[in-house]
Amino acid sequence: MDTLYPDLETIWPGWKIEAFLGKGLDGSVYKAARSMNGIVMESAVKITAMPEDQYNFAHMQAERVQDFDVDMYRSKADDGITEIKCLLMLKSCSHVVDIEDFALVKREDDIQWNVYIRMELLRSLVDYLGERQRLTENQIIKLGLDLSDVLLQCEKNNIIHRDFKIENTYITEEGEYKIGDFGIAIKSDEAETKKGNKNYMAPEVFWERKYGKTSDIYSVGIMLYMLANGNKMPFFDTDYFWADNEEKEQAFRRRVNGEKIPDTRYASRELNSIILKALSYEPENRYRDAKALMGALKSIKGHQTDQGS
């Protein structure tokens, strides 16, 4: 366990961290458990540390850190608080990871903070794909519908998630999909900064133009495209398992520069049409909102023959 983080029991008595699960843009996630009277409870705990690198922080302190750097750390703490607010706001949405508790802990002074979020423990879609390789077409449609529900709730609350991606998606034992990680979510009327994973980023976000709710629709479109294209991004050669960094960069540039995106390798004509509309270069050519995307997916649900294994 990283010595940056105090014992979890000082925050939630009885809870202990058991395993490291992964690291994202704004924090690390651990598996935690509590045992009481023979009953074991398990959760995922996300810990965001500001600053994360204690050595760099000490170095900046020695050089009399500038106000700009202080503001940067406080801003990152605000990101953790934003995620908590979003998860609580969307708690009624069954396709958002459920928040169980949270805590903000000051480490030494006004700069150093830890934000703890305890959430339901779910299986990641990355792990699921590692076992099955590909989703069936009906599973892809189901994923699109579940994420459309999240989009719909985000729109109602004036939220742009900005980080829809496979790595932030989870699957329940019943086959329901859930999205997590609202650490870089933003209010719709504040959306101008480039933030998120560039592989899933809408062109207008990458080019730092004004953007809105359809940027999230684009990111969901990239997710669906990948899953219907052998887990490959647009313009990747699906006949080869690996792509080197130069090929990845070229594919990315072709996409954000507006080159026509080719059909997916495995999707039916109907699903492919929906995905490509979601990936329209110009925002006004995409689905106008989550309800429109959901309606399109519902129109083909149940009419597809499962493809893949």
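The pair Arg286-Glu204 meets the salt-bridge criterion, since a charged nitrogen lies less than 4.0 angstrom from a carboxylate oxygen. Salt bridge present: Lys31 and Glu42 bring a charged side-chain N and a carboxylate O closer than 4.0 Å. By the 4.0 Å N-to-carboxylate-O rule, Lys46 lies close enough to Asp181 to be salt-bridged with it.
Evaluation of the salt bridge (charged side-chain N to carboxylate O under 4.0 Å, His left out) rule for Glu100 yields Arg118 as partners, not counting sequence neighbours. Remark: Tyr128 pairs with Arg123, Leu125, Arg132, Leu135, Gln139, Ile171 by the side chain to side chain contact (heavy atoms under 4.5 Å, CB included) rule, at least two apart or across chains. Applying the salt bridge (charged side-chain N to carboxylate O under 4.0 Å, His left out) rule to Arg265 yields the partners Asp239; only residues at least two apart in sequence or on another chain are considered. For Asp98, the salt bridge (charged side-chain N to carboxylate O under 4.0 Å, His left out) partners two or more places apart in sequence, or in a different chain, are Lys91. In terms of the side chain to side chain contact (heavy atoms under 4.5 Å, CB included) criterion, residue partners of Ser94 (sequence neighbours excluded) are, by chain and number, Asp149. Applying the salt bridge (charged side-chain N to carboxylate O under 4.0 Å, His left out) rule to Glu167 yields no partners; only residues at least two apart in sequence or on another chain are considered. Legend: residues meeting side chain to side chain contact (heavy atoms under 4.5 Å, CB included) with Phe102, ordered by chain and number and at least two apart, are Ile84, Leu88, Ile99, Leu104. By the side chain to side chain contact (heavy atoms under 4.5 Å, CB included) test, Asp127 is found to be paired with Ser124, residues two or more places apart in sequence or in another chain being considered. In this structure, the ring pair (Phe, Tyr, Trp, His ring centres under 6.0 Å) partners of Phe252, at least two apart in sequence or on a different chain, are Phe206. Phe164 meets the ring pair (Phe, Tyr, Trp, His ring centres under 6.0 Å) test with His161; sequence neighbours excluded. Residues satisfying the side chain to side chain donor-acceptor pair (under 3.5 Å) criterion with Tyr287, sequence neighbours excluded, are absent altogether.
Under the 3.5 Å distance criterion, the side-chain polar atoms of Tyr170 are left unmatched by any main-chain donor or acceptor of Gly180. The backbone N or O of Asn231 lies less than 3.5 Å from no partner atom in the side chain of Asn229, so there is not a single donor-acceptor pair. Formation of a donor-acceptor pair under 3.5 Å by the Gln153 side chain with backbone atoms of Val150 is not found in this model. At distances below 3.5 Å, not a single donor-acceptor pair connects side-chain atoms of Glu18 with backbone N or O atoms of Ala33. A donor-acceptor contact shorter than 3.5 Å links the side chain of Ser148 to the backbone of Gly144. Using a distance-only test at 3.5 Å, with no hydrogens or angles considered, no donor-acceptor pair links the side chain of Ser273 to the main chain of Glu270. Remark: the backbone N or O of Ser268 is paired with a side-chain donor or acceptor of Glu137 at under 3.5 angstrom. Side-chain N or O atoms of Glu259 include none that pairs as donor or acceptor with a backbone N or O of Arg254 at under 3.5 Å. Not a single donor-acceptor pair under 3.5 Å links the side chain of Thr264 to the backbone N or O of Tyr225. Side-chain atoms of Ser280 never come within 3.5 Å of backbone atoms of Glu282 as a donor-acceptor pair (strictly under, hydrogens ignored).
Residues Ile222 and Asn199 form no side-chain contact, since every pair of their non-hydrogen atoms from C-beta on lies 4.5 Å or further apart.
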For a side chain to side chain contact (heavy atoms under 4.5 Å, CB included) check, start with the C-alpha distance between Thr214 and Arg288, then their side-chain angles and the critical distance, and finish with the verdict. CA-CA 7 Å; Thr214 62; Arg288 65 184 180 276; 5.9 Å; no
Test side chain to side chain contact (heavy atoms under 4.5 Å, CB included) on Phe182 and Val97; report intermediate values, then the result. CA-CA 10 Å; Phe182 282 76; Val97 174; over 6 Å; no
Pair Trp12-Val45, side chain to side chain contact (heavy atoms under 4.5 Å, CB included): steps then yes or no: CA-CA 11 Å; Trp12 296 305; Val45 175; 4.2 Å; yes
Begin from the C-alpha positions of Tyr218 and Asp216 and carry the test side-chain hydrogen bond (donor to acceptor under 3.5 Å, both in side chains) through to its verdict. CA-CA 5 Å; Tyr218 186 99; Asp216 274 348; over 6 Å; no
Using the salt bridge (charged side-chain N to carboxylate O under 4.0 Å, His left out) rule, take Lys142 and Glu176 through it: C-alpha gap first, then chi angles, then the decisive distance, then the call. CA-CA 8 Å; Lys142 169 65 174 166; Glu176 298 289 320; 2.9 Å; yes
Go through the steps for Glu120 and Ser43 under the test side chain to side chain contact (heavy atoms under 4.5 Å, CB included), then give the verdict. CA-CA 5 Å; Glu120 62 178 324; Ser43 293; over 6 Å; no
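The OG1 atom of Thr172 sits 7.0 Å away from the NZ atom of Lys178 when rounded to the nearest 0.5 Å. Between Ser299 atom OG and Met294 atom CE the span is 12.5 Å, to the nearest 0.5 Å. A distance of 5.5 Å separates CG in Leu147 from OG1 in Thr169, rounded to the nearest 0.5 Å. The CD1 atom of Ile300 lies 8.5 Å from the CG atom of Asn138; values are rounded to the nearest 0.5 Å. A distance of 5.5 Å separates CG in Leu143 from CG in Leu224, rounded to the nearest 0.5 Å.
Nearest heavy-atom pair, Gly221 versus Ala278, reported as atom, atom and distance to 0.1 Å: CA-CB, 4.1 Å. In terms of heavy atoms, Phe236 sits closest to Lys248 at CZ-CG, 3.6 Å. The minimum heavy-atom distance linking Val256 with Pro203 is given by the pair O-CB, 3.9 Å. Here the shortest heavy-atom pairing between Gly196 and Asp163 reads CA-OD1, 4.4 Å.
For NZ of Lys277, the number of neighbouring non-hydrogen atoms (other residues, nucleotides, ligands) closer than 6.0 Å is greater than 12. The number of heavy atoms from other shown groups lying within 6.0 Å of CD (Glu284) is above 12.
Think of Val29 as one node in a network of Ile, Leu, Val, Met, Phe, Trp and Tyr side chains linked at under 4.5 Å; its network also takes in Leu21, Leu121.
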